[in-house]
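Structure first, commentary second.
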Amino acid sequence: MSAKSLAILGSTGSIGKQSLDVCRKCGYGVKALTAYSSEKEMENQAREFNPEVVALVDEKAARELKTRLADTDIKVLSGVEGVCECAVLSGADTVLNSIVGMAGLKPTLEAIRAKKKIALANKETLVAGGKLVMAEAEKNGVQILPVDSEHSAIFQCLQGKPSNRALKKIILTASGGPFFGKTAQELKNVTVENALKHPNWSMGAKITIDSATMMNKGLELIEAVWLFSVKPEDIEIVVHRESIVHSAVEYDDNSVIAQLGLPDMRIPIQYALTYPERFESPAGELSLSQIGRLSFFEPDYDTFKCINICKNAINKGGLCTAAVNSANEQANLMFRQGKIGFLDIAEKVEEVLECTAYRDEYTFDDVMEVDRFAREYVMR
Ligand code: NAD
Ligand code: MG
């Protein structure tokens, strides 16, 4: 059943803003909004959408927002707890999580426990704690609807799948990012500015750097393993420069079904909210004759080492993917701050993976401990 009212976590970000655009178009009620610190933007969003409650993680920004919204009856909360309260307590039936990073894990788990439907953009939630999230979703009978464009594509291609056995493999497409075709030698001295120039998508800074290292595709492989209960070896990554084929599935009869569209996140965001229905979208129409050509290549695994690091992590299992995710969050940040080089990102993440012990059973606190360890390791 499609969503009726939403709590949007990370509403000031790239996905958050596009989600609000979908709400404008589809007329969904917005019951809660959260962000890290942008009080001015949050004030504007709150005045337009009139939610019951808003939260900012940063205490000072939250105090400022409270003053700004004093003439309204919108409740203003602060801190991680405030974000979790927004996920749980508002009258929303669906929580759209577009927080960046594993900071999204706790609110996701709490929203599932409150039996909210989850529209998930925050892939790091599944990379860091996929086992915890999927177990909690099953226990509470909660559906997790993918927002990530590739996973939305796979989900769409799986509609009408005849049986559990019919799926042969998933074909996960990747744009290849701004450094497609470059050698490791050429990537040694690339600048943050170079890495932030994505050819097809306009996104937040962290995921744009993840696309340049192709860590994004590794994280998405892990995300697909959890969302679709497939083995890592049943996922084939294909570089597709035009970002028109958003991913595909191959069935036992060798029939391949793909989902296509212009690279506009409002299509997958809207599908996660309207599923199983479809409505008119604010996104543009695809003209295949105008696109002309679609190209596909095998990834260069030697240059873009992050993909295989992620494969190794999910094959090792346990807390290894959490370690890789947190090491990457820290290394990605330090690259953006000019503290380490582009190629150091993969190197640091690999080192953290090598010294992470496999553990099958783990809790949320164990994930947080691995997070601290991984970040400290990358910083030293
Ligand atoms: P962004 O940086 O533009 O926005 C992130 C949002 O999260 C902001 O509202 C910010 O205030 C909030 N936030 C940041 N740190 C936080 C914290 N510690 N606690 C709570 N809130 C915090 O990011 P984005 O590009 O919109 O990406 C969001 C998520 O969606 C990521 O997981 C990303 O991988 C995924 N995603 C993004 C795109 C895209 O096109 N941007 C596509 C697919 C998936
Ligand atoms: Mg994606």
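Remember, it's 1-based here, ligands and their atoms both numbered in the order they're listed.
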Identified side chain to side chain contact (heavy atoms under 4.5 Å, CB included) partner of Leu286 from the options Asp264, Ile267, Ile244 = Ile244
Would one find an N or O of Gly101, backbone or side chain, under 3.5 Å from an N or O of ligand 1?
-> no
Compute whether any side-chain donor of one residue and acceptor of the other, for Tyr377 and Glu351, lie under 3.5 angstrom apart.
-> yes
Per residue Asp148, nearest N, O or S atom to the Mg ion (ligand 2) is named OD1
Who passes side-chain hydrogen bond (donor to acceptor under 3.5 Å, both in side chains) against Asp253, sequence neighbours left out?
-> none
of all protein heavy atoms, closest to atom 25 (O) of ligand 1 is Gly204 N, 2.9 Å
Which atoms of ligand 1 are found less than 4.0 Å from any heavy atom of Gly10?
-> 6 (C), 7 (O), 9 (O)
Minimum-distance protein heavy atom relative to atom 28 (C) of ligand 1 = Ser98 O, 3.3 Å
What do we get for Glu124 next to ligand 1 when only non-hydrogen atoms under 4.0 Å count, side chain, backbone, both or neither?
-> side chain
Would you mind running through ligand 1 and noting each atom that sits below 4.0 Å from a heavy atom of Asp148?
-> 43 (C), 44 (C)
Is Ile309 close to Val324 at the side-chain level, that is, under 4.5 Å between some pair of heavy atoms?
-> yes
How close does the nearest protein non-hydrogen atom get to atom 40 (O) of ligand 1, and which residue and atom is it?
-> Met203 CG, 3.2 Å
Residue of the set Leu219, Val349, Thr213, Asn328 for which side chain to side chain contact (heavy atoms under 4.5 Å, CB included) holds with Cys306 = Thr213
So, for Phe297 and Phe180, is the gap between ring centers shorter than 6.0 Å?
-> yes
Do me a favour and list the nearest non-hydrogen protein atom to atom 11 (O) of ligand 1 with residue, atom name and distance?
-> Tyr36 N, 2.8 Å
Contact check: Ala205 vs ligand 1, nitrogen or oxygen atoms, below 3.5 angstrom | no
By atom name, which N, O or S atom belonging to Glu150 lies closest to the Mg ion (ligand 2)?
-> OE1
Atoms in ligand 1 with a heavy atom of Met265 nearer than 4.0 Å | 40 (O), 42 (C), 43 (C)
Can you pull the salt bridge (Lys or Arg N to Asp or Glu O under 4.0 Å) pairs that have at least one residue in residues 174-183, sequence neighbours excluded?
-> none
Take Glu220 and Asp148 through the test side-chain contact (heavy atoms from CB on, under 4.5 Å) and record every step on the way to the result.
-> CA-CA 8 Å; Glu220 289 187 351; Asp148 210 349; 3.1 Å; yes
Do Phe155 and Tyr275 make the cut of ring centroids closer than 6.0 angstrom?
-> yes
To which of Ile269, Asn97, Thr12 does the heavy atom nearest atom 9 (O) of ligand 1 belong?
-> Thr12
Shortest reach to atom 33 (C) of ligand 1 by a heavy atom, considering only Thr34, Val127, Ile207 | Ile207
State, with a plain yes or no, whether a side-chain heavy atom of Glu48 is found less than 4.5 Å away from one of Asn44.
-> no
Check the surroundings of atom NZ in Lys25: do more than 12 heavy atoms from other residues, nucleotides or ligands lie under 6.0 Å from it?
-> yes
Any salt bridge between Arg113 and Glu136, counting N to O under 4.0 Å?
-> yes
If you draw the axis of the six-membered ring of Phe49, does the NZ or CZ of Arg47 fall within 45° of it and under 6.0 Å from the ring centre?
-> no
Protein residue, atom and distance nearest to atom 20 (C) of ligand 1, heavy-atom basis | Val57 CG2, 3.5 Å
What's the spacing between Met203 CE and Ile209 CD1 if we round to 0.5 Å?
-> 9.5 Å
Name the closest protein heavy atom to atom 37 (C) of ligand 1, giving the residue it belongs to and the distance to 0.1 Å.
-> Ile15 CG1, 3.4 Å
Can you find an N/O atom of Ser14 closer than 3.5 Å to an N/O atom of ligand 1?
-> yes
Counting each atom of ligand 1 from 1 as listed, which ones have a heavy atom of Ala103 under 4.0 Å away?
-> 17 (C), 18 (N), 19 (N)
Counting both backbone and side chain atoms, is some N or O of Ser202 under 3.5 Å from an N or O of ligand 1?
-> no
How is the N/O/S atom of Glu220 that comes nearest to the Mg ion (ligand 2) named?
-> OE2
Of the choices Asn216, Val147, Ile99, which has the non-hydrogen atom that lies closest to atom 21 (N) of ligand 1?
-> Ile99
Between CE on residue Met102 and CG on residue Leu126, distance to nearest 0.5 Å | 12.5 Å
Numbered atoms and elements of ligand 1 in range of Ser11, under 4.0 angstrom, heavy atoms | 9 (O)
Any idea which protein heavy atom is nearest atom 34 (O) of ligand 1, and the distance to it?
-> Lys123 CE, 3.1 Å
Best match, Thr125, Val100, Asn122, Leu219: closest heavy atom to atom 5 (C) of ligand 1 | Val100
Residue, atom and distance of the protein heavy atom nearest atom 35 (C) of ligand 1 read Ala121 O, 3.1 Å
